[in-house]
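Since this is a predicted model, take the numbers as computed values, not measurements. Chain letters run A, B, ... following the sequence lines, proteins first, then strands; residues in each count from 1. The analysis underlying the following values was restricted to heavy atoms, covering all of them including side chains, and did not include hydrogens, waters or symmetry mates.
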Amino acid sequence: MTDRPVRVRFAPSPTGHLHIGGARTALFNYLFARKTGGQFILRIEDTDRKRFVPGAEQEIIEGLRWLGLEYDEGPDIGGPYRPYRQTERLEIYRQRAWELVERSAAYPCFCTPERLEKLRQEQMRNKQQARYDGLCRDLDPDVAARRVAQGERYVIRFKMPRHGVTIARDHLRGEIVTENQYLDDYVLLKSDGFPTYHLAAMVDDHEMKITHVFRGSEWLSTFPLHVQVVRAFGWEEPVWIHLSVFLKPSGKGKMSKRESAETLKDGYSIFVKDMKELGFIPEGVLNWISLMGWGVPEDDVMTLEKMIERFEIDSLTPSPAAINFQKLDHFNRAHIRRLSTEDLARRIKPYFLAHNLAVDDDQLLRVVPLLRERLVTLDDCLAFGAFFFSETVEPAPEELIPKGLSAQQAAQIARRVYAILEAVPDMEPVHTEPPLRAYVEESGFNVNQVFGLVRVAVTGQRVSPPLFESMAVIGREKVLERLKRAGDILESMS
RNA sequence: GCCCCCAUCGUCUAGUGGCCCAGGACGAAGCCCUCUCAAGGCUUAAACAGGGGUUCGAGUCCCCUUGGGGGCACCA
């Protein structure tokens, strides 16, 4: 059926933040489009006025842009099938709904919400499945038309076959057979004139010539309906691909609002908008979400290009996947490590600037190689390397004293190291390391004691990038200054 | 309650009837390297949910049970 050029779409509703589940749906759409040379479309499904969140559309667009998932048609860039916002297509849905009425595949329903609520209560009480009882289903079409003309409030319902079965085909699961008796006469057009998803999405997918529908498996339960609607119109069906859902890290259920908020405390998030601030890079996030619900044989650290190359809809998996933030860390770190020096420098510079550190670009370029393999998230650059750019460091006095030594011995080491480094032509490791190692030898202290002290003295911290390389970047003046200061502190303690 | 979907190491997964005493990755443990922290290298522990079939042969096909998930709206 897919001799048509591939056209796929990501169709979120602007009702909240763009989360990783949505991002992954967008990713798979994107990968498939790029893989096949087809088009990737962004469509905004904003027909629910009650849940509409102002700004949500913008957040979706920004999120996709940040991730690098460029679309070919969309509300902000237009395209041959515009508009791409459903509230701007209301007339189309209204006409299509009535087209179905004319084909006797749908009917106007005048039942009030109150009556439906009562009906539902009663069915629940009798432990029956809650569904429409079909009161308006067999109304005379002329009578119905007259009532509509008179301005009575109505919805349009789909006339679901009462008997037989509906066979729908999901690409990952095969045929899904549902007995029609369990299906309902779903509302297609609401009384406010807005369509429901069931109508709008089917109409748009058809009009926009969508060939493959990637969507969350929460749509599986209404899948038979959608297939029925498409068939009632006599349209060609797209290939349906229902993606697995994301479960919380424990694997028990989906993440709640509260749980989502709490992950932020641990430095993680399921919302794309938070990722940048948490120091994650698009490459890492993309790689992470791509591997939930997609089985790649080997070498799973991939760039977008690599993903496009390897993407196959047949290797998508239907089972739910638990979110694992440790993997986010892993992929983020792996991709940071792959960044060029210039690129990484550009990305971490803002973090230093935000902390009022004067960043010299040449110096930054020398810092990056020392930091690169130590960063899990971009903001780790501060914990690891703020001392490179700060005027002074504030070592904790007790940390200056190596294990097993007295303050006096420590002071002696600091003074001696100062003297050795002062005598050396520059701070390059070839000049600093040999004499200091020689000193370790003759002094009888061990490397950890001596280098540890120097590390705390010049970096202000116990953990840092390699000492000698770091000193070379810090520069002679600051190194000596900091060593002197450490010596002073230690002397005052002894 | 009813309907639908899913089911391999803790997690993400490979596996499409014999190549599997089940492979990779994350995480864990240990060793090596080492100026700290990382990175890197090597090694180890760790799974076919249970029960019935089908078959010469089942992780792979069928059924049941169990577990998990989703849905039962004039929300998407």
Side-chain angles (χ1 to χ4, degrees), chain A residues 11-16 45-51 109 111-113 116-117 120 123-124 126-131 153-157 170 172-173 176-179 181-184 186-192 194-198 200-201 215-224 242 244-245 247 249-254 288 291-301 315 317-331 333 337 371-376 380 383-384 433 436-437 440 446-452 454-456 459 461-468:
Chain A
S13 11
T15 53
E45 310 215 322
D46 55 350
T47 57
D48 185 346
R49 290 131 91 233
K50 293 187 207 79
R51 295 203 305 154
C109 168
C111 294
T112 62
L116 295 174
E117 186 51 36
R120 208 173 354 252
Q123 287 168 331
M124 292 298 245
N126 297 337
K127 294 200 187 291
Q128 288 174 305
Q129 189 185 6
R131 47 203 283 257
R153 264 183 104 74
Y154 70 97
V155 300
I156 290 182
R157 287 182 183 275
D170 171 73
L172 306 181
R173 288 161 253 258
I176 295 171
V177 182
T178 312
E179 290 188 47
Q181 57 167 322
Y182 296 123
L183 268 17
D184 203 352
Y186 295 90
V187 170
L188 260 24
L189 196 72
K190 301 183 243 181
S191 60
D192 60 4
F194 280 56
T196 58
Y197 172 92
H198 313 307
R215 36 141 60 162
S217 63
E218 64 268 23
W219 292 113
L220 237 26
S221 57
T222 41
F223 185 25
H242 293 90
S244 62
V245 293
L247 272 24
S250 64
K252 305 275 181 188
K254 293 216 289 189
W288 177 53
L291 260 14
M292 286 189 267
W294 178 27
V296 179
E298 251 167 58
D299 190 19
D300 56 9
V301 175
S315 53
T317 56
S319 43
I323 294 169
N324 183 342
F325 290 113
Q326 286 179 321
K327 290 204 183 189
L328 208 210
D329 281 343
H330 168 255
F331 285 115
R333 168 157 52 193
R337 223 183 305 143
L371 254 28
R372 181 158 31 214
E373 291 182 351
R374 278 160 258 267
L375 305 182
V376 173
D380 287 343
F384 271 110
E433 190 164 359
L436 285 185
R437 285 203 183 270
V440 168
N446 67 42
V447 282
N448 288 318
Q449 292 172 321
V450 176
F451 292 180
V454 177
R455 180 189 314 283
V456 173
T459 70
Q461 50 202 53
R462 274 195 159 128
V463 173
S464 82
L467 222 210
F468 297 101

Can you check the distance between G23(B) and C4(B), where both ends of the measurement are the P atom (answer in whole Å)?
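Per the computed distance, 37 Å lies between those P atoms.
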Atom P, compared across A46(B) and C9(B): separation rounded to whole Å:
14 Å
Any strand, both distances under 3.5 Å, Watson-Crick or G-U wobble: U16(B) pairs with none
Heavy atoms from C-beta onward define the side chain here; which of [options] lies closest to that of [X]?
| X | options | answer |
| --- | --- | --- |
| Val245(A) | A38(B), C6(B), G69(B) | G69(B) |
| His330(A) | C4(B), C37(B), C26(B) | C26(B) |
| Tyr182(A) | A39(B), C2(B), C35(B) | C2(B) |
| Ala321(A) | A39(B), C35(B), C12(B) | C12(B) |
| Ala322(A) | A38(B), C12(B), U36(B) | C12(B) |

**Prompt:** Are any of Arg337(A)'s side-chain N or O atoms less than 4.0 Å away from OP1 or OP2 of A39(B)?
**Reply:** no
* Considering just the side-chain nitrogens and oxygens of Arg372(A), establish if one lies under 4.0 Å of OP1 or OP2 belonging to G40(B). => no
Using a distance-only criterion (donor-acceptor N/O pair, under 3.5 Å, no hydrogens), is the base of C5(B) paired with the side chain of Arg173(A)?
no
5′-ward residue of the pair Gln326(A)/Phe468(A) relative to RNA chain B:
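Final value for this comparison: Gln326(A).
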Heavy-atom contacts, protein to nucleotides 71-76 of chain B, under 4.0 Å, summarised as B (base), S (sugar-phosphate only) or - (none) per nt, yield SSSBBB
Rounded to whole Å, the CG-P distance (Asp329(A) to A38(B)) equals 13 Å
